[in-house]
Amino acid sequence: VFSLFVPAMITPSAGASSSSANLVWLFSMGSVVIALMVGFILGFFLSLFEKRITKPAERIVLILATIVLGIGLSQMLGVSPLLVNLIIGATVINLAHNGDRLFEELKKIDLPLYAAFFALSGASLHWELLSTIGGVGVIYCGGRIAGKILGVTFGSIKARASYNLKKYGGCGLLSQAGVALGLALIVEDRNENLGEIVSTTILSTVIFFEILGPIAVRWSIVKSGEVKIINLIHRDEGTPFRESLHIPTCYLRNCLMIVNPKRQPPRYSEL
């Protein structure tokens, strides 16, 4: 839907004939169809090659190569790289023999990619526009919250879903980050003036929703009974880094004749 409306929104409508407007919509529809085809083809070939690769490092290289190839083809064809990659992921998870394994490998390296994405997105925040979009941001936040809650409630009623989904499902969808930022950057890439307003609105409201969203998710899953309260108690299970320092620390403490009454020093067979 976003890919369909953005060209029509950016193209000046003053004095435009109906034929030119139809061409804009036709071009938008063609871009969406091309993006779907490119994403499906790349996801299909990724699913085929996945069967022949056994090493985790090679799977990561294959995934990254497919993503970069999808971005390059998107820029060459003038279609949405975000939509192409979404279709790649949907195709792989449904067609690949071990699609879950591919995503598990990708999760091992996705944290720095997320950090870089948010850093670059934050660099697009225009502080001078925050005062002018204050009212727009409030309306956007209110409309999004109302849309999520009312949409889930209405959909649950039509689908005859459970009572818990009707009452608490909307609150579990308030978090907003990656896709919305990606869409805002697409607008800014196509129209700088409009993109500055859109990206600043999204970036400023993402901060709000990323504070409110996790709290709302936690509340909704507890109230609906999906997670018991006892499971929310924090358990310090330690980290590999801490565990790796435990034995040499205890050994040093033992050599210095410092006894910790709460913890026995490790046996020398463990050192």
Side-chain angles (χ1 to χ4, degrees), residues 1-10 25-50 59-121 124 140 144 147-148 151-152 155 169 172-191 195 198-199 201-203 205-206 209-210 213 217:
V1 172
F2 181 87
S3 299
L4 287 175
F5 278 93
V6 164
M9 180 176 62
I10 293 177
W25 285 107
L26 185 61
F27 174 77
S28 301
M29 182 64 71
S31 300
V32 172
V33 173
I34 293 174
L36 295 176
M37 292 176 58
V38 172
F40 177 79
I41 293 172
L42 292 177
F44 177 75
F45 280 105
L46 177 58
S47 303
L48 290 180
F49 283 108
E50 182 271 336
R59 284 197 292 268
I60 293 177
V61 172
L62 178 63
I63 295 170
L64 295 179
T66 305
I67 293 174
V68 173
L69 179 60
I71 295 174
L73 291 175
S74 302
Q75 293 180 346
M76 289 177 57
L77 299 174
V79 298
S80 170
L82 186 61
L83 184 57
V84 169
N85 282 283
L86 285 173
I87 300 303
I88 291 175
T91 304
V92 169
I93 200 63
N94 286 281
L95 295 185
H97 182 66
N98 290 311
D100 292 333
R101 185 174 61 182
L102 285 175
F103 286 97
E104 289 298 325
E105 297 295 341
L106 187 60
K107 288 179 181 178
K108 297 178 181 179
I109 63 168
D110 63 355
L111 185 59
L113 298 178
Y114 275 123
F117 172 73
F118 281 106
L120 293 174
S121 300
S124 302
Y140 174 80
R144 187 174 185 276
K148 293 290 185 181
V152 171
L173 299 177
L174 296 182
S175 295
Q176 171 190 6
V179 175
L181 288 175
L183 297 177
L185 294 177
I186 290 176
V187 177
E188 187 170 8
D189 183 60
R190 296 186 179 184
N191 187 295
V198 173
S199 62
T201 303
I202 297 299
L203 283 167
T205 54
V206 158
F209 281 114
E210 282 304 293
V217 170

Just distance, no hydrogens or angles: give the donor-acceptor pairs under 3.5 Å from side chains in residues 31-47, sequence neighbours left out.
from, atom 1, to, atom 2, distance (Å)
S31, OG, F27, O, 2.9
S47, OG, G43, O, 2.8

On a heavy-atom basis, the closest approach of K148 and L173 is CE-O, 3.5 Å
Distance-only donor-acceptor hits, side chain of residues 64-84, under 3.5 Å, sequence neighbours excluded:
from, atom 1, to, atom 2, distance (Å)
T66, OG1, L62, O, 2.8
S74, OG, G70, O, 2.6
S80, OG, L82, N, 3.4
S80, OG, L83, N, 3.2

